J.: 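Before we start, here is the structure in question, set down as structure tokens.
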Number of protein chains: 2
Amino acid sequence: MLTISQLASYAGVTVRAVRHYHKVGLLPEPERDRSGYRTYDAAAVVRLIRIRTLADAGVPLARVQELLDASAEEFAGGVQEIDKDLRAEIRRLQDTRSRLARLAAGEHLALPQSVVGYLDRLRGLGVGERYIELERDAWIMIAAQVPDLIDSVIAKKHEELDDPDMVRLYSFFTGEPDWVAGDPRIVEVADILERLMIRAVEAGEVGADGFDDQFVALMDSTMLESAPGAELVLAILKERGWSGWTRIERVPADRLN
Amino acid sequence: MLTISQLASYAGVTVRAVRHYHKVGLLPEPERDRSGYRTYDAAAVVRLIRIRTLADAGVPLARVQELLDASAEEFAGGVQEIDKDLRAEIRRLQDTRSRLARLAAGEHLALPQSVVGYLDRLRGLGVGERYIELERDAWIMIAAQVPDLIDSVIAKKHEELDDPDMVRLYSFFTGEPDWVAGDPRIVEVADILERLMIRAVEAGEVGADGFDDQFVALMDSTMLESAPGAELVLAILKERGWSGWTRIERVPADRLN
DNA sequence: TGGAGGGTTGACCCAGCGTCAAGGTCAAGC
DNA sequence: GCTTGACCTTGACGCTGGGTCAACCCTCCA
């Protein structure tokens, strides 16, 4: 006969676990010897090892109970399902490994691949890291708000970048220029923006974009804070009857001052 | 700005989990809008996704905290260790899968392979399943008590089985014979047993075997109950001055009756 | 005879949330 | 302006599978 610790160590579990199984009724309480010690037989070993094998597979103890007390067919069916879950779990862990590797490599898991590609294209145009980070955060917010539209939105941005005007516009975001009033580039930027806007208005692309006002306001203020020349550009555009930045609009004539 | 449920669903976690991370200090509490709702920015998205990636890898939240607040090198080292654990976990699950398959196939996980082989050899000798089960349970108990000796014990049993006497002896355990007193095979079994004992005594192999008395008594009584002829054999042997079955001994002369 | 090394029960503790409970808020429709 | 339904808030309890004491008993060996 076996003592509890012999049983436990042979089955590879702790004494505490065996007692736990007794308490939850998973393993029947065995006979006691005259001093109250539990004494186990071979059947207990077999049952305990079956319990462990299932529990190691992540099966909840209640389910283990059901399975062990079920018919052979039910048992086989249950085991098959457990095996399916195990395979899925293994795949999940492998997936986690690759995500972890990308995390360690500094990759931005918060962004879909399409956005990462778009940012890389901007980088290729010589756009500075400071601006890229701003865009990146904006895209994270956009992706979080409309995750299933993001790929098509990015596709449209890529098309826009095929326009030389747009490329020229982005090229102003290189490095850390401290533009002062009177810089001729300010007028150039304003000209480009106005051309782009007019084209957008003609294409009927202006209006509701699905983003909330708070977000648009945030984007605008962030842009103004980070791009020193932006304020000057906005002033020129305002004179010409436009307002906004992230979401540009024709200002109604009666509100022009 | 994002609400808590937008943040949560984009990062693939529950709202409850996000609040939990706030409570444990893993994710800083963000600003609230005027009605008390939490409003999140891109940095929160990034941090939450890093948290999830690590937590999905099974890292405890406290360790996630440490890692995210650590230097890049510490982080890389930590991630490497986590990846090692993940690989180990995947291997463990694969191992569990194969154990599960053996369990479903009815194979006896409670026994080391050497014992399974030995039982198969007995089966090959024509020994009945009823007796095999008795032996199996006995071996389970032995293996549980002295797990590291089991292989060498089995090796010795294999050697014994090379002896034709032993083979003949086991052949009596076939089927379900109902031996009655006077059956000539009883004397034959007793003769064989006596020869084997004498040889064992001469080889000095008799005496302490490391099993406890209770176990030996259990084996004896089980054997007597299950093998109808055993009692008759024992009677003959007793006359000749031997006692026991599982552990056979010369009976001291003064205790012979 | 006493100390080590088993055993016994019982009670509390842990992560990582899930799940009510009991409300306050917001946008939309009537 | 009122209702409805979807979200938001905090707070408290529950769950798994045991770990970790605590306080005590039993057995064995020197």
Side-chain angles (χ1 to χ4, degrees), chain A residues 1-27 29-40 44 48 51-68 82 85 89 96 144-145 208 210-215, chain B residues 1-27 29-40 44 48 51-67 85 96 144-145 208 210 212-215:
Chain A
M1 308 304 284
L2 305 178
T3 67
I4 196 169
S5 53
Q6 285 174 315
L7 170 73
S9 80
Y10 185 61
V13 308
T14 63
V15 169
R16 186 66 182 79
V18 175
R19 287 203 273 250
H20 185 63
Y21 298 154
H22 286 321
K23 203 166 341 189
V24 298
L26 196 46
L27 196 61
E29 279 278 2
E31 303 284 292
R32 308 291 185 115
D33 67 12
R34 65 194 173 293
S35 59
Y37 288 15
R38 294 176 178 85
T39 57
Y40 296 91
L48 180 54
I51 292 171
R52 266 333 297 176
T53 305
L54 291 169
D56 285 343
V59 181
L61 296 189
R63 180 90 180 104
V64 170
Q65 178 104 307
E66 287 174 24
L67 281 174
L68 290 189
I82 292 162
D85 293 350
E89 176 68 4
T96 301
Q145 284 181 298
F211 303 122
D212 65 19
D213 297 347
Q214 215 184 129
F215 177 61
Chain B
M1 309 303 287
L2 305 177
T3 67
I4 195 169
S5 53
Q6 286 175 315
L7 170 74
S9 79
Y10 185 60
V13 308
T14 64
V15 169
R16 185 66 182 80
V18 174
R19 288 203 272 250
H20 184 64
Y21 298 153
H22 288 321
K23 201 165 345 191
V24 299
L26 196 46
L27 195 61
E29 279 278 1
E31 302 285 292
R32 307 291 184 114
D33 66 13
R34 68 192 173 293
S35 58
Y37 289 14
R38 295 177 178 84
T39 57
Y40 296 91
L48 181 55
I51 291 171
R52 266 332 297 178
T53 305
L54 291 168
D56 284 343
V59 181
L61 296 189
R63 179 88 179 109
V64 170
Q65 178 104 306
E66 287 175 24
L67 281 174
D85 294 350
T96 301
Q145 283 180 300
D212 66 18
D213 295 347
Q214 217 185 125
F215 177 61

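Order of the sequence lines sets the chain letters (A, B, ...), proteins ahead of strands, with each chain counted from 1. We use all heavy atoms of the structure for the numbers below, so side chains are in, but hydrogens, waters and symmetry mates are not. Since the model is a prediction, treat every value here as computed from it, not as a measurement.
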J.: So do B:Met1 and B:Asp33 actually touch side chain to side chain, heavy atoms under 4.5 Å?
T.: no
J.: Starting at CD1 of B:Ile51 and ending at P of C:dC17, how long is that distance when rounded to a whole Å?
T.: 10 Å
J.: Specify the separation, in whole Å, of atom NE2 of A:His22 and atom C1' of D:dG18.
T.: 15 Å
J.: Return no unless some side-chain N or O of B:Arg63 is found under 4.0 Å from OP1 or OP2 of C:dA15.
T.: no
J.: Considering all heavy atoms of both residues, which atom of A:Arg38 and which atom of A:Pro30 are nearest to each other, and what is their separation?
T.: CB-CG, 3.7 Å
J.: Quick one: B:Leu54 CG to C:dG16 C1', roughly how many Å, whole number?
T.: 16 Å
J.: How many angstroms lie between atom CG of A:Leu48 and atom OG1 of A:Thr53, to the nearest 0.5 angstrom?
T.: 9.0 Å
J.: To the nearest Å, give me how far apart CD1 (B:Ile4) and C1' (D:dT9) are.
T.: 10 Å
J.: Return yes if the base of C:dT9 and the side-chain atoms of A:Arg19 contain a donor-acceptor N/O pair under 3.5 Å, otherwise no.
T.: no
J.: Do the side chain of B:Thr96 and the main chain of A:Ala57 share a donor and acceptor less than 3.5 angstrom apart?
T.: no
J.: Under 4.0 Å between a side-chain N or O of A:Thr3 and OP1 or OP2 of C:dG7?
T.: yes
J.: Is there a donor and acceptor pair, one atom on the side chain of B:Tyr21 and one on the base of C:dG16, closer than 3.5 Å?
T.: no
J.: Could you pick out which residue, B:Tyr37 or B:Pro60, lies toward the 5' side of DNA chain C when each is mapped onto its nearest nucleotide?
T.: B:Pro60
J.: So which one's nearest nucleotide on DNA chain D is more toward 5', B:Ser35 or A:Gly58?
T.: B:Ser35
J.: I need the CG-P distance between A:Leu2 and C:dG7, as an integer number of Å.
T.: 12 Å
J.: Report the distance from atom CG of A:Leu26 to atom P of D:dT16, rounded to the nearest whole Å.
T.: 13 Å
J.: Quick one: is B:Arg16 getting a side-chain N or O under 4.0 Å of the D:dT10 phosphate, OP1 or OP2?
T.: no
J.: Specify the separation, in whole Å, of atom NE2 of B:His20 and atom P of D:dG14.
T.: 18 Å
J.: Taking all heavy atoms of B:Ala55 and all of B:Val64, pick out the closest pair and write down the distance.
T.: N-CG2, 4.3 Å
J.: At under 4.0 Å, does any side-chain N or O of A:Thr14 touch on OP1 or OP2 of D:dG19?
T.: yes
J.: What is the distance, rounded to the nearest whole Å, between atom CG of B:Leu7 and atom P of D:dC8?
T.: 10 Å
J.: Looking at B:Arg38, I'd like to know whether one of its side-chain N or O atoms comes within less than 4.0 Å of OP1 or OP2 on C:dT25.
T.: no
